[in-house]
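Structure record follows, encoded as structure tokens.
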Number of protein chains: 2
Amino acid sequence: MARTVAQVKRRGVGDDAADLVREAIFDGRFPPGAPLREVELAQQLGVSRGSVREGLAVLAREGLIRTGWHRPTTVIGIEPEDVEEVYALREALDGLAARTAQSRIGASDVSHLLALVDRMAAETAGRGDATALVHLDIAFHDTLYTIAANQRLTRAWQAVRSQVHLFQIRRVRDGYLPYRDSVVREHRQIIRSLQGADPQAVERMAREHVAAARQSLLASLRPDTR
Amino acid sequence: MARTVAQVKRRGVGDDAADLVREAIFDGRFPPGAPLREVELAQQLGVSRGSVREGLAVLAREGLIRTGWHRPTTVIGIEPEDVEEVYALREALDGLAARTAQSRIGASDVSHLLALVDRMAAETAGRGDATALVHLDIAFHDTLYTIAANQRLTRAWQAVRSQVHLFQIRRVRDGYLPYRDSVVREHRQIIRSLQGADPQAVERMAREHVAAARQSLLASLRPDTR
DNA sequence: CCATGTCCGAATGTTGACATTCGGTCGTCG
DNA sequence: CGACGACCGAATGTCAACATTCGGACATGG
């Protein structure tokens with residue numbers, strides 16, 4: 001399972017712009033529904049409108065923004081239906097990823113996953129930054145998809161990944177205590193199933209993990225009747 | 001289940017370019033691995049390079065072409081691993097779509113699906129154009145996703161839809177007799193399950209349909225050792 | 001007072017020119 | 001003779017200007 005040394009990935013200016021805008025959306029500087037005007041972003045980021053367009057196309061692929069014909073692109077909202085859609089799809093995706101990963105997983109992969117969970121445990125114990133915990137959570141599932149090694153599946157995951165990230169941040173913002181307690185335990189269970197030989201067991205475990213996250217997120221969204 | 005009257009969809013020049021190039025790929029005018037040069041396409045289609053870029057971005061989203069940094073975009077190939085990847089993902093996607101559609105399906109939806117299958121039967125009986133049969137097959141599954149009404153799920157399907165289309169055309173080209181026999185029967189079975197009330201049954205039926213297609217496609221690809 | 005039609009500002013869609021990078025070829029040196 | 005390195009053509013990445021379209025404000029007529 002030898003990997004290439006470093007493999008610097010050559011990127012365009014558009015990708016940099018996408019990273020900056022994505023970060024701004026996660027930070028709440030572009031709240032849901034906010035318009036992302038091309039000329040405005042172009043002069044703020046110091047690049048041309050063409051590159052901004054390219055970057056917005058990336059974010060559109062990730063489902064973070066919505067765009068239309070001669071209409072300003074806007075940040076997506078977080079309605080209960082959106083959560084239902086994303087997590088229903090994620091359940092199917094994560095289930096397949098876990099099942100596929102089980103048949104390809106190696107010892108180094110296991111230690112990598114365990115290291116991530118250990119860092120999660122450290123974060124929850126030390127009352128560290130909540131967003132760090134979310135990053136680790138996402139990184140765990142990224143690794144799962146990498147192990148599964150299905151390019152199409154990985155792309156499908158990337159198409160909802162940023163939305164999941166956004167949802168989790170929102171969930172963490174207003175009361176994330178239950179998340180904190182269960183996240184380490186559930187991920188450890190997934191690793192254990194991954195090391196077993198029962199495909200149905202891993203898939204069920206992965207799906208239940210997603211289902212639990214959905215439930216928790218919907219619950220934290222419900223009292224929000226402002 | 002009232003729909004809007006017509007809803008003309010405003011599109012850009014880039015989308016038109018994407019349609020033209022996609023058609024050309026399906027027709028075999030751009031064989032697997034062929035380079036799609038932007039300047040060349042631009043003057044052939046009579047539009048600017050920017051619009052061609054936009055169109056190629058659409059096809060890249062559909063997974064029909066591969067692109068890289070300062071590297072010509074090329075048509076994807078049809079290797080056995082590609083088939084495995086696409087159909088493994090499609091199994092998960094179609095399973096979810098069928099299960100979701102079951103809980104939302106209406107009488108008009110059923111008649112629409114039945115009409116499509118009837119047209120399939122007419123094509124198979126009359127020894128009509130094989131590509132027409134593929135179009136109907138794709139249209140059937142499009143309808144399923146429309147009924148499921150999960151936008152994220154639909155987008156995930158669209159990300160593999162064109163690849164499935166390409167595979168099916170290839171399969172149809174070199175001997176498609178088994179496909180012809182089973183396609184009508186399997187789709188009718190799916191409709192019947194859709195009208196039932198057992199979610200696991202529909203999902204299993206949809207998954208088996210995809211698995212059968214994968215098997216058949218791989219078989220028709222194997223003797224191809226040229 | 002409400003409905004309708006027209007006009008206008010602002011944003012996106014489109015275009016062609018310029019800058020950057022890639023792959024290969026040619027030449028040179030060990 | 002083989003390997004290394006610089007050059008060069010061609011293709012993509014980036015940019016700023018022009019054309020088109022949208023939504024609303026305003027005026028007008030019923």
Side-chain angles (χ1 to χ4, degrees), chain A residues 4-22 24-25 29-77, chain B residues 4-22 24-25 29-77:
Chain A
T4 61
V5 182
Q7 187 73 342
V8 277
K9 213 179 186 179
R10 292 199 118 313
R11 295 152 32 97
V13 177
D15 296 305
D16 292 335
D19 289 343
L20 258 22
V21 174
R22 191 190 301 109
I25 292 176
R29 284 169 48 199
F30 289 113
L36 298 169
R37 275 176 274 271
E38 296 179 358
V39 285
E40 193 176 315
L41 290 173
Q43 60 184 35
Q44 277 188 17
L45 301 176
V47 298
S48 95
R49 257 190 63 218
S51 298
V52 170
R53 267 174 93 75
E54 204 82 15
L56 291 180
V58 172
L59 298 182
R61 266 196 291 277
E62 298 178 3
L64 264 186
I65 60 179
R66 292 191 187 289
T67 179
W69 175 265
H70 271 291
R71 192 156 301 148
T73 67
T74 58
V75 180
I76 64 164
Chain B
T4 60
V5 182
Q7 189 71 346
V8 277
K9 209 178 186 180
R10 292 197 121 311
R11 296 152 30 96
V13 177
D15 295 303
D16 292 336
D19 289 343
L20 258 22
V21 175
R22 191 190 300 109
I25 292 175
R29 284 169 49 199
F30 290 114
L36 298 170
R37 276 175 274 269
E38 296 179 358
V39 285
E40 193 176 314
L41 291 172
Q43 60 184 34
Q44 277 187 17
L45 301 175
V47 298
S48 94
R49 256 190 64 215
S51 299
V52 170
R53 265 175 93 76
E54 204 82 14
L56 291 181
V58 172
L59 298 182
R61 268 195 291 278
E62 298 178 3
L64 264 185
I65 60 178
R66 293 192 187 288
T67 180
W69 173 266
H70 271 292
R71 193 155 299 146
T73 66
T74 57
V75 180
I76 63 163

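A note on names: the letters A, B, ... follow the listed sequences, proteins ahead of strands, and every chain is numbered from 1. A quick note: this is a predicted structure, and the numbers were derived from the prediction, not measured.
Following rounding to the nearest Å, B:Arg11 (CZ) and D:dT21 (P) show an atom-to-atom distance of 15 Å. The CD atom of A:Glu54 sits 7 Å away from the P atom of D:dT14 (whole-angstrom rounding). Look at CZ on A:Arg37: it is 17 Å from C1' on C:dG13, rounded to the nearest Å. Remark: C1' of C:dA10 and CZ of A:Arg71 are 14 Å apart, rounded to the nearest angstrom. Taking atom CH2 of A:Trp69 as the reference point, atom C1' of C:dG13 lies 6 Å away to the nearest angstrom. Rounded to a whole Å, the CZ atom of A:Arg49 is 12 Å from the P atom of D:dA17. Here the P atom of nucleotide D:dA17 and the CD atom of A:Gln43 are 13 Å apart, to the nearest Å. Note: CG (B:Leu45) to P (C:dT14) measures 13 Å, nearest angstrom.
Place A:Val47 and B:Thr73 on DNA chain D by their nearest nucleotides, and B:Thr73 ends up nearer the 5' end.
Residues B:Arg71 and B:Arg66 form no side-chain contact, since every pair of their non-hydrogen atoms from C-beta on lies 4.5 Å or further apart.
Taking only side-chain atoms of A:His70, from C-beta outward, the nucleotide of C:dA17, C:dT21, D:dC22 with the closest atom is D:dC22. Considering only side-chain atoms of A:Ser51, the nucleotide from D:dT12, D:dC15, D:dA17 that sits closest is D:dC15. When each of D:dC22, D:dT12, C:dT14 is scored by its nearest atom to the side-chain atoms of B:Ser48, the top-ranked nucleotide is C:dT14. For A:Glu38, the listed nucleotide lying nearest its side chain is C:dT12; candidates were D:dT14, C:dT12, C:dT15. Residue A:Pro72 has its side chain nearest to C:dA11 when only C:dA11, C:dG23, D:dC22 are considered. Between C:dT12, C:dC22, C:dA17, one nucleotide has an atom nearer to the side chain of A:Arg53 than all others, and that is C:dT12.
Between B:Leu45 and B:Val21, the closest heavy-atom pair is CD1-CG2, 4.3 Å. Of all heavy-atom pairs spanning A:Gly14 and A:Glu54, the tightest one is CA-CB, 4.2 Å.
In this structure, A:Gly12 reaches the sugar-phosphate backbone alone: every heavy-atom distance under 4.0 Å involves primed, P, OP1 or OP2 atoms, never a base. A:Gly68 comes within 4.0 angstrom of the backbone, heavy atoms only, and of no base. At the heavy-atom level, A:Leu56 lies nowhere under 4.0 Å from the strands shown.
Here the CG-OG1 distance, from B:Leu64 to B:Thr74, works out to 11.5 Å after rounding to the nearest 0.5 Å.
Listed for the A:Thr73 side chain is a donor-acceptor partner under 3.5 Å among the backbone atoms of A:Leu36.
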